[in-house]
Amino acid sequence: MREMALIVQKYGGTSVATPEKVIEAARQIRAAREDGNQVVVVVSAMGGATDELLRLASAVTARPDARELDALLCTGEAASAGLVSLALNHQGVVSRSFSGPEAGIRTDHRHGRATIVEVDPRRLREELARGTVPVVAGFQGESIATGARTTLGRGGSDTTGVALAAALGADHCEIVTDVAGVYTADPRTVVGVRRHTSLLYEEMAELAVSGAKVLASDSVDYARTHGVDLKVRSNSSAVGPRTWVGDGRRAAGAAAGESWTPVGLGRPIAGVAGRSGLVRCVLRRITTDHVLRLLGELAERETEVELRRYGNLGTEDAGDIALTLPEDSVEEIRELLADTDRGIRLDEAHWTSNLARLSVVGLGIGRRPYAPLRLLEALRSAGAARTDLHVTSNRLSVLTGRGDLAAATQIVHDTFLSELVTPLVQQAGPDRAGTAWPLAAGRGQHHVALPALAAAE
Ligand code: ADP
Ligand code: ASP
Ligand code: MG
């Protein structure tokens, strides 16, 4: 008989968006308990609630105080934790809800984008020992420096789930969401995607930073650092299709009676992802001295900016640089350029907005000679704008127009996926969540599956 496992289940916004969904989540939590597991639940705000709170804040002030904005945002998760607990109690499961600070989540002081620095799991352990189900409000913690409530950045409940799983030594962390796992691209917008049965942390981390929001990128880094196996599955069924994310050395999910063999190096790509809302600023004839000063300022403010330096490398001569930044930090950067460095002539700054970054992720992709060529050819055939191609070992990224992103993503996905021997796989159809997809007909006629096919359904 299987030993009792400890599982952290994180329910995302769409999984608690309505009373019916909350009741269904409670039913799945109860079922996991009846299967002999201990369960700790983490919840996001009900779908759309965080956006609504942000809208309210901006209706009251254009420049909200960061501490108070976090105090407001924390209420979204607090509400759903209470509601899920009520539903569990109603179904006969003794449950108590906790805020992030009550659950022992301590962070740094950066409001709106705090990092978890410490988790004290004692209170949750006491609850588990009593046989109750703790339901923890995700996305929030308490600043060690100030004691104020902080939030972890958009999608941050994933990180709460992983951090609690690590601190409690849980067998794995389940990410319960509105799709049945991690696919080769966003199944809502790209046709012909495949679901991975398993992914390595490295692949998932690259997909997450590239914009695949199914997992917050901090949560993947946290999972990798602490060796937490992740199981991504649909809220419509606890037993249907899923994706395991792990390090490949252990059989992730073994405690859950499931195992998998990751074959990251055998598959051509892990996926394609995009991020829009970017702006590019080119500064002409800027000296190395200025570049260093600018970088110092940006680092001090912890502004998210990516720098590309062109030309004249290794000399003190003036050269051109390009910065890429999220559009919500444009004002801040403009002010910074204006006050800190009179040496930069602002009329020499060229801004381009409405940009997006398209990334193709695959282990070793940057070392495959044909990969950048295929990417650029695909973008050209889609008539999409393209600039700043950036190659790292596991990722190719290129800037394109926001309006070009959807078509470009589809064609790039088709291009890279066609490298696989195709038909022996399951494909996602219109109802992506929780549906068993029939295998393509004619199994016998097709070629031997590559290792990649074993991992991509
Ligand atoms: P939750 O509310 O459960 O946290 P999110 O909206 O944050 O859910 O993340 C799930 C969404 O991520 C899916 O609905 C899907 O549109 C999107 N997504 C983007 N890329 C991928 C991908 N490669 N695989 C699966 N889902 C993806
Ligand atoms: N509610 C927060 C958000 O919408 C956190 C989360 O959903 O994980 O970003
Ligand atoms: Mg999310």
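Ligands are counted one by one from 1 in listed order, and the atoms in each one are counted from 1 as well. From a predicted model like this one, the values you see are computed outputs, not experimental measurements. Scope of the values below: all heavy atoms of this structure, side chains included, with no hydrogens, waters or symmetry mates.
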Query raised in the report: Heavy atom of Val179 under 4.0 Å from ligand 1?
Result: yes

Query raised in the report: To which of Lys10, Arg154, Glu77 does the heavy atom nearest atom 1 (N) of ligand 2 belong?
Result: Glu77

Query raised in the report: Relative to the heavy atoms of Thr50, which atoms of ligand 2 are at a distance of less than 4.0 Å?
Result: 1 (N), 2 (C), 3 (C), 4 (O)

Query - Residues Arg402, Glu327: salt bridge by 4.0 Å N-O rule - result: yes

Report task. Check whether any heavy atom of Ala185 sits under 4.0 Å from an atom of ligand 1. Result -> yes

Requested in this report: Decide whether an N or O pair under 3.5 Å exists between Arg188 and ligand 1.
Outcome: yes

**Report entry** Within-4.5 Å side-chain heavy-atom neighbours: Leu164 and Val42
**Finding:** yes

Requested in this report: Answer yes or no: is there a side-chain heavy-atom contact under 4.5 Å between Ile175 and Lys10?
Outcome: yes

Report summary line: The closest protein heavy-atom partner of atom 7 (O) of ligand 1 is Lys213 O, 3.5 Å

Requested in this report: Grab the two heavy atoms, one from Val228 and one from Cys173, that are nearest each other, plus how far apart they are.
Outcome: CG1-CB, 3.9 Å

Query raised in the report: Should you measure from each heavy atom of Gly155, which atoms of ligand 2 turn up under 4.0 Å away?
Result: 3 (C), 5 (C), 6 (C), 8 (O), 9 (O)

Query raised in the report: Are any of the N/O atoms in Gly13 less than 3.5 Å from those in ligand 1?
Result: yes

Query raised in the report: Can an N or O of Thr184 be found at a distance shorter than 3.5 Å from an N or O of ligand 1?
Result: no

Report summary line: Among Val214, Ile175, Thr189, closest by heavy atom to atom 26 (N) of ligand 1 is Val214

**Report entry** Reported CG-to-CG distance for the pair Asp186 and Leu207, which is rounded to 0.5 angstrom
**Finding:** 11.5 Å

**Report entry** CA sep, side-chain torsions, deciding dist, call: Thr151, Asp70, side-chain hydrogen bond (donor to acceptor under 3.5 Å, both in side chains)
**Finding:** CA-CA 6 Å; Thr151 62; Asp70 272 357; 2.7 Å; yes

Report task. For Gly271 and ligand 1, answer yes if some heavy atom of the residue is under 4.0 Å from a ligand atom, otherwise no. Result -> no

Report task. Would you check whether Asp178 has a nitrogen or oxygen atom less than 3.5 angstrom from a nitrogen or oxygen atom of ligand 1? Result -> yes

Requested in this report: Could you find the nearest protein heavy atom to atom 4 (O) of ligand 1 and give me its residue, atom name and distance?
Outcome: Lys10 NZ, 3.1 Å

Query - Identity and separation of the nearest protein heavy atom to atom 15 (C) of ligand 1 - result: Asp186 OD1, 3.3 Å

Requested in this report: Using non-hydrogen atoms of the residue, decide whether Gly76 is closer than 4.0 angstrom to ligand 2.
Outcome: no

Query raised in the report: For ligand 2, is any non-hydrogen atom under 4.0 Å from Ser44's backbone (N, CA, C, O), its side chain (CB onward), both, or neither?
Result: side chain

Query raised in the report: Of Gln9, Arg33, Arg233, which meets side chain to side chain donor-acceptor pair (under 3.5 Å) against Gln28?
Result: Arg233

Report task. Within a distance under 4.0 Å of any heavy atom of Pro187, pick out the atoms of ligand 1 and give their elements. Result -> 24 (N), 25 (C), 26 (N), 27 (C)

Query raised in the report: Under 3.5 Å between some N or O of ligand 1 and some N or O of Thr177?
Result: yes

Query raised in the report: At what distance, to the nearest 0.5 angstrom, does CZ of Arg149 lie from CD of Gln140?
Result: 8.5 Å

Query raised in the report: Can you tell me the protein heavy atom closest to atom 24 (N) of ligand 1 and the distance?
Result: Tyr183 N, 3.0 Å

Report task. Mark yes when over 12 heavy atoms from residues, nucleotides or ligands other than Arg67 sit less than 6.0 Å from its CZ; otherwise mark no. Result -> no

Query raised in the report: Hey, which atoms in ligand 1 end up nearer than 4.0 Å to a heavy atom of Val182?
Result: 24 (N)

Requested in this report: Identify, for atom 25 (C) of ligand 1, the protein heavy atom at the shortest distance, and state residue, atom and that distance.
Outcome: Gly181 O, 3.3 Å

**Report entry** Side chain proximity check, Arg357 to His390, heavy atoms < 4.5 angstrom
**Finding:** no

Report summary line: Interatomic distance, CG@Leu379 vs CD@Glu377, rounded to 0.5 Å, equals 10.5 Å

Query raised in the report: Is any NZ, NE, NH1 or NH2 atom of the basic residue among Glu52 and Arg55 found under 4.0 Å from an Asp or Glu carboxylate oxygen of the other?
Result: yes

Report task. Determine, for Asp108 against Arg110, whether the closest basic-nitrogen to carboxylate-oxygen distance falls under 4.0 angstrom. Result -> yes

